[in-house]
Amino acid sequence: MASFRAALSQLAAMQVAGVRNNYDLDALPDHMHPPQLPALLVLPIELQDKRFFRAWHNSLGTSAFRGGVKQASYTVTHLLLLAPRESGLGIRSHLPRLVSLIDSYMGALALDSTLDGKLQLPAEVSVEPGIFAFGEREFFGCAFRHRWTLEAGA
């Protein structure tokens, strides 16, 4: 099975119709500018005081089965940034495009829910549209919270 890093790179490579840029860990920008949007950012961490999701889950958990497969559970945020909060006529002017991008994202993931075999089980994904801080700005967007199962020690 694949490593956590390999799965993250595969997620960053996922092509979603309507998304201009996909950023892997080694290419994350410090700031986002309108010409870069919409963009997807792979974020394998979540700061406790700035959680995207209201419910807290263990980000990394390991379970081993005697004589069986050792598995690790990972939680990853794939953050879609659509437009700066101050742009347009407010959220109403961005909602139709945001909903279309969410549909496109879920459609792309449905085509490859194990990320080219990097995951032991299909990804479980929670979807949270909202306003998200990145760099010095706030953006309309959506956090896709992935829960993955990978072979431990791969």
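Throughout, residue positions are numbered sequentially from 1 according to the sequence presented.
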Q | ring pair (Phe, Tyr, Trp, His ring centres under 6.0 Å) partners of Tyr105, counting only residues at least two apart | A | His78, Phe144

Q: State which residues pass side chain to side chain donor-acceptor pair (under 3.5 Å) with Glu136; sequence neighbours excluded, sorted by chain then number.
A: none

Q) What residue pairs, at least two apart or across chains, pass salt bridge (Lys or Arg N to Asp or Glu O under 4.0 Å) with a residue in residues 76-96? A) Arg85-Glu138, Glu86-Arg137

Q.
The criterion is side chain to side chain contact (heavy atoms under 4.5 Å, CB included); which residues satisfy it with Ala13, sequence neighbours excluded?
A. none

**Q.** side chain to side chain contact (heavy atoms under 4.5 Å, CB included) against Ser104, all qualifying residues, sequence neighbours excluded
**A.** Val16, Ala17

Q: Count the heavy atoms belonging to other residues, nucleotides or ligands that lie under 6.0 Å from CG of Leu111, then report whether that count exceeds 12.
A: yes

Q) Considering residues at least two apart in sequence or located in another chain, which fulfil the ring pair (Phe, Tyr, Trp, His ring centres under 6.0 Å) criterion with Phe139? A) none

**Q.** Cluster link Ile91 to Ile131, ILVMFWY, side chain under 4.5 Å
**A.** yes

(Q) With a 4.5 Å cut-off on side-chain heavy atoms, are Leu98 and Phe140 touching? (A) no

Q. With sequence neighbours excluded, what pairs up with Ala83 under the side chain to side chain contact (heavy atoms under 4.5 Å, CB included) test?
A. Ser87, His94

Output side-chain donor-acceptor pairs under 3.5 Å for residues 31-43, partner residues at least two apart or in another chain, one line each.
from	atom 1	to	atom 2	distance (Å)
Gln36	OE1	His33	N	2.6
Gln36	NE2	Tyr23	OH	3.1

Q | Nearest atoms (heavy-atom pairs only) where Leu8 meets Pro44 | A | CD1-CB, 4.0 Å

Q. How long is the gap from CG on Leu150 to CD on Gln71, to the nearest 0.5 Å?
A. 9.5 Å

Q.
Are Leu101 and Cys142 packed together at the side-chain level, in the sense that at least one heavy-atom pair is separated by less than 4.5 angstrom?
A. no

Q. For the hydrophobic clusters of this structure (ILVMFWY residues joined by side-chain heavy atoms under 4.5 Å, transitively), does one cluster hold both Val99 and Leu82?
A. no

**Q.** Qualifying side-chain hydrogen bond (donor to acceptor under 3.5 Å, both in side chains) pairs, either residue in residues 7-16, two or more places apart
**A.** Arg5-Ser9, Ser9-Asp24

(Q) Among residues at least two apart in sequence or on other chains, which ones pass side chain to side chain donor-acceptor pair (under 3.5 Å) with Ser113? (A) none

Q: Taking side chain to side chain contact (heavy atoms under 4.5 Å, CB included) as the test, write out the residues that go with Ala6, two or more places apart.
A: Ala2, Ser3, Lys118

Q | ILVMFWY network linking Val76 to Leu121, side-chain heavy atoms under 4.5 angstrom | A | no

Q) To the nearest 0.5 Å, how far apart are CG in Leu11 and CG in Leu109? A) 8.0 Å

Q) To the nearest 0.5 Å, how far apart are CG in Leu119 and CZ in Arg147? A) 12.5 Å

(Q) Just to verify, what does Arg97 make a side chain to side chain donor-acceptor pair (under 3.5 Å) with, not counting sequence neighbours? (A) none

Q) What orientation do Phe4 and Trp148 show, parallel under 30°, tilted 30 to 60°, or perpendicular over 60°? A) perpendicular

